[in-house]
Amino acid sequence: MEKKDFEAWLDNISIAFLSLTDLQKNETLDHLISLSGAVQLRHLSNNLEILLKRDFLKLLPLELSFYLLKWLDPQTLLTCCLVSKQWNKVISACTEVWQTACKNLGWQIDDSVQDPLHWKKVYLKAILRMKQLKDHEAFETSSLIGHSARVYALYYRDGLLCTGSDDLSAKLWDVSTGQCIYGIQTHTCAAVKFDEQKLVTGSFDNTVACWEWSSGAKTQHFRGHTVFSVDYNDELDILVSGSADFTVKVWALSTGTCLNTLTGHTEWVTKVVLQKCKVKSLMHSPGDYILLSADKYEIKIWPIGREINCKCLRTLSVSEDRSISLQPRLHFDGKYIVCSSALGLYQWDFASYDILRVIKPPDFSNVSLLGFGEIFALLFDNRYLYIMDLRTEKLISRWPLPEYRKSKRGSSFLAGEMSWLNGLNGQNDTGLVFATSMPDHSIHLVLWKEHG
């Protein structure tokens, strides 16, 4: 048939085909297929695949593709990445999807990162770390050996751990290497705190002392009461100490002079904390320095600042009749106060002093607080170290602990790095997690295991 005659015939057939019903069209196609040979059937198969199997991610505008992808869970998205290179490229570049997935895992989000492929990589890292936590494989242990008597006091900052012992010494350790950097001959240490230049030690011998790291020399001496806890601030030139005599003493850090004795506690003062306020209320403003002192039943709040002769702003407790005692661990970040008791974790709003919530995990009576953040809390008991997701108030991981030395004052164990409690980010899950003194005078360390 000539081309011109064929085109005319095809036009007539097309007009007739379009006038048929759907059933008649199907019968016509069936008849034509039955008359076709291998060449025609192969041609039909190739064209049907193009017509019927539309790649919607490739054809849709990118914004619509991202909108559709947001409805899929991360595991399904990872499976979809295997469909084709094009799908993998589009899905990997869907920043909002991967950022949301990371947030749901308790990961911090840095919006300044512009790389569109960054957040899928972060999610893959996050899912691995969370699996390690769930499978109890995220940590490893180590020991520091060097003291010859019980270790009573621990303090950690910036990768360095200070230990105070009954062997009349204090040592500064590099946690990453396990090496002792400094060793100073001191008194019996019940509490320690340090910075780059100095070490402050509180003792059962009724004194507090300040020592110089470089020379080991005692640079200041404070005598007045048996000390359980110390804190200091160079800007204010103030040192505070909590004692077995139920008082808190305020000292001039540079001269050793006792500036004030704060009374009102009726039990041992086992914890004192100096911290800048970050919220506004009728009693304080952001930037004001606040002193918290805690005993077995109460937490007292003092506006220390520049006014040494201060009065207690508020006393917090979990039971008016003192039937419920507080554990000797206290968290204060300038916005919230958190303390544990036999009833659970109590969180107070520092602006109003109201109790925001009480977290009651199963069998909480023996669980103590180590650290508290926006996303996670670090807890422990006689057998395990626990991580709690504060958004669900469920324990998501635990790690076995050895038979460590117990302390009613809570000074012989501490949390290490704390920034990850506000959300992991792939860089802050390194270094020390937990340290405690052991009956053999060593220090047991729990450390983050490196990413696989």
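As the structure is a prediction and not an experimental result, all values here were calculated from the model. Below, all heavy atoms of this structure are taken into account, side chains as well, without hydrogens, waters or symmetry copies. Throughout, residue positions are numbered sequentially from 1 according to the sequence presented.
Separation of the Phe413 and Phe380 ring centroids falls under the 6.0 Å cut-off. Aromatic pair Phe139/Trp448: ring centres closer than 6.0 Å. Less than 6.0 angstrom separates the ring centroid of Phe350 from the ring centroid of Phe332.
At a threshold of 4.0 Å, the pair Asp389-Lys394 does not count as salt-bridged, since none of the basic side-chain nitrogens sits closer than that to a carboxylate oxygen. For the pair Asp429 and Arg129, the salt-bridge criterion is met [side-chain N within less than 4.0 Å of a carboxylate O]. Salt-bridge check for Lys276 with Asp288: failed, with every basic side-chain N at 4.0 Å or more from each acidic carboxylate O. Ion pairing between Arg391 and Glu374 fails under the 4.0 Å rule for side-chain N and carboxylate O. Between Lys70 and Glu96 a salt bridge is recorded (basic side-chain N to carboxylate O distance below 4.0 Å).
Remark: side-chain polar atoms of Gln347 are not paired, donor with acceptor, to backbone N or O of Val338 under 3.5 angstrom. Without hydrogens or angle criteria, Ser437 side chain to Val151 main chain gives a donor-acceptor distance under 3.5 Å. Although no hydrogens or angles enter the test, the distance criterion places no donor-acceptor pair under 3.5 Å between the side chain of Ser319 and the main chain of Asp321. No side-chain donor-acceptor contact under 3.5 Å links Thr226 to the backbone of Ser243. In terms of modelled atom types and a separation under 3.5 Å, the side chain of Asp237 and the main chain of Ser254 share a donor-acceptor contact. In this structure, Ser92 contributes its side chain and Asn88 its backbone to a donor-acceptor pair below 3.5 Å.
The salt bridge (Lys or Arg N to Asp or Glu O under 4.0 Å) search around Lys131 returns Asp135, not counting sequence neighbours. Shown here are the salt bridge (Lys or Arg N to Asp or Glu O under 4.0 Å) partners of Lys198, two or more places apart in sequence or in another chain: Asp195, Asp234.
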Determine, stepwise, if the pair Thr163 / Lys171 fulfils side-chain hydrogen bond (donor to acceptor under 3.5 Å, both in side chains).
CA-CA 5 Å; Thr163 57; Lys171 297 182 183 296; over 6 Å; no

Show the numbers, then the answer: is there a side-chain hydrogen bond (donor to acceptor under 3.5 Å, both in side chains) between His187 and Thr201?
CA-CA 8 Å; His187 46 190; Thr201 60; 2.7 Å; yes

Could you walk me through whether His225 and Asn206 pass the side-chain hydrogen bond (donor to acceptor under 3.5 Å, both in side chains) test, one step at a time?
CA-CA 4 Å; His225 57 184; Asn206 295 337; over 6 Å; no

Between Leu445 and Leu161, does a side-chain contact (heavy atoms from CB on, under 4.5 Å) hold up when you go through it step by step?
CA-CA 10 Å; Leu445 306 180; Leu161 178 67; 4.0 Å; yes

Are Gln327 and Ser368 close enough, and set up right, to give a side-chain hydrogen bond (donor to acceptor under 3.5 Å, both in side chains), and what steps lead you there?
CA-CA 7 Å; Gln327 296 179 0; Ser368 298; 2.8 Å; yes

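Put simply, the residue from Phe246, Phe228, Tyr297 that forms a ring pair (Phe, Tyr, Trp, His ring centres under 6.0 Å) with Trp268 is Phe228. Of the residues Phe194, Tyr232, Trp173, the one that meets the ring pair (Phe, Tyr, Trp, His ring centres under 6.0 Å) test with Tyr155 is Phe194. Each of Thr207, Val227, Leu253 was scored for a side-chain contact (heavy atoms from CB on, under 4.5 Å) with Phe222, with one residue passing: Leu253.
Counting non-hydrogen atoms of other residues, nucleotides and ligands closer than 6.0 Å to CZ of Arg383 gives a total of 12 or fewer.
With Tyr386 as the aromatic partner, Arg398 does not meet the cation-pi criteria of under 6.0 angstrom to the ring centre and within 45 degrees of the ring axis.
Closest heavy-atom contact between Val269 and Ser293: CG1-CB, 4.1 Å. For the residue pair Leu313 and Pro303, the shortest heavy atom distance occurs at CG-CD, 3.6 Å. In plain terms, the two heavy atoms of Val200 and Cys210 that are nearest each other are CG2-SG, 4.2 Å.
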